[in-house]
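Just below is one structure, and these are the notes that go with it.
In listed order, ligands and their atoms are each counted from 1.
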Amino acid sequence: MGYSSLKLDKFLISMQNARMGHAQQAQISGSVCFVRAYAKINLTLDISGRRADGYHELATVMQTVDLYDTLCLTATDDARVSLICTRPELSNTENLAARAAQLVRQRLAIRQGVEIELYKRIPIAAGLGGGSSDAAAVLLALQQWWQLPLSPFDLLDMATALGSDVPFFLTGGLALCEGRGERVTTLAPYWPPSMRWLLLLKPAISVSTAAVFRNLPATDYTDGTHSRAISAAFQARSTPRLEDLYNGLERSVLETYPEVARARDDLLDAGAPFVRLSGSGPTLFAAFSELACAGRVQELMQAQGYEVHLSRAIHPDAGYVCLY
Ligand code: C5P
């Protein structure tokens, strides 16, 4: 049976969308499927050591934010995966989104081809998980759209093979991620009022995650304390202590990349109450209780030439669903 000829019953589709664990809700029609892929920030990042496989053992609390890429998947008859992106340097089949589609096809011996159009809004190589989220969105969209016999374990296994952050994006929201990042514990949604509005500032440099991890001295290792403290505070619906919003890569990134240190100082000078690095950076985030303050700081930073996105934390159920 050709997958593209599958026509899904509308009731079934809405049941499936209701069940989806992430805001990445697929919009399904005959041969085209749209899906959103949201970015994340790391509230904490505790790195406890280097493992024998070269990866680092970590604990991190991540939260989905409402900055997103849009993917359009089209079923094709040419038995291949192709990808076109609004960022030409990402328009190739090495792109994690294309590799996710290829992995699904291989795993289930599917002949049907897929063309992926990727409208990139999330800054790339920025510590916001854009590539990982695109890959997870493709896994989830194909599973729903083509009604694939993939268990949650199968999805997790494929996500882990694609990258350490990809498993988080299968569920999204607020989660504690451990191990390489692939051991995801979803936490009850909570977001402190003092952090209602987020500014995401992307300094105009690229940072290699691998290089940042490789150069991390053991003196920056921590044993997961901050991640456990933030998880506990959010579960108790209480305001986190600023010292627990800790990123073990931040000291090293600020020291190695003066552009990031300067951007951090500029954000603080403009009135941000506090500033933290997301993931391996270079994106910095600042949180505000009031939109007016966030907007003022955003304007000041943009006037200095910075790329700044005004965003907010979102919960998986807050997704945008549109069927046609
Ligand atoms: O898993 P992913 O391919 O996204 O990781 C990118 C790079 O970041 C890895 O090649 C590795 O150098 C580093 N990394 C790490 N420990 C982790 C996750 C990533 O050292 N837990």
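- When only non-hydrogen protein atoms are considered, atom 9 (C) of ligand 1 lies nearest to Y55 CE2, 3.8 Å.
- For R180, a nitrogen or oxygen atom sits less than 3.5 Å from a nitrogen or oxygen atom of ligand 1, counting backbone and side chain alike.
- Counting the atoms of ligand 1 from 1 in the order shown, those under 4.0 Å from a heavy atom of A210 are 12 (O).
- The nearest heavy-atom contact from the protein to atom 13 (C) of ligand 1 is F213 CD1, 3.5 Å.
- The pair E57-R51 meets the salt-bridge criterion, since a charged nitrogen lies less than 4.0 angstrom from a carboxylate oxygen.
- Look at R312 and D66 and you find a salt bridge, because one of the NZ, NE, NH1 or NH2 atoms lies within 4.0 Å of a carboxylate O, short of that distance.
- Annotation for ligand 1: atoms under 4.0 Å from non-hydrogen atoms of T209 are 8 (O).
- For the pair R180 and Y55, the cation-pi test (distance below 6.0 Å, angle within 45°) is passed.
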*asked:* Would R241 and D244 count as a salt bridge (Lys or Arg N to Asp or Glu O under 4.0 Å) here? Give the steps.
replied: CA-CA 5 Å; R241 296 186 325 159; D244 283 325; 3.1 Å; yes
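- In this structure, R36 forms a cation-pi arrangement with Y68, its terminal cationic atom sitting closer than 6.0 Å to the ring centre and no more than 45° off the ring axis.
- In this structure, L58 counts as a contact residue of ligand 1, since one of its heavy atoms falls inside 4.0 Å of the ligand.
- No hydrogens or angles considered: a donor-acceptor pair under 3.5 Å links the side chains of R105 and Q102.
- With no hydrogens or angles considered, no side-chain donor-acceptor pair links T160 and D157 at under 3.5 Å.
- Of the protein's heavy atoms, S164 N, 3.8 Å lies nearest to atom 4 (O) of ligand 1.
- Of all atoms in ligand 1, listed by their number and element, those nearer than 4.0 Å to a heavy atom of G163 are 1 (O).
- The distance criterion of under 3.5 Å between nitrogen or oxygen atoms is met by H56 with respect to ligand 1.
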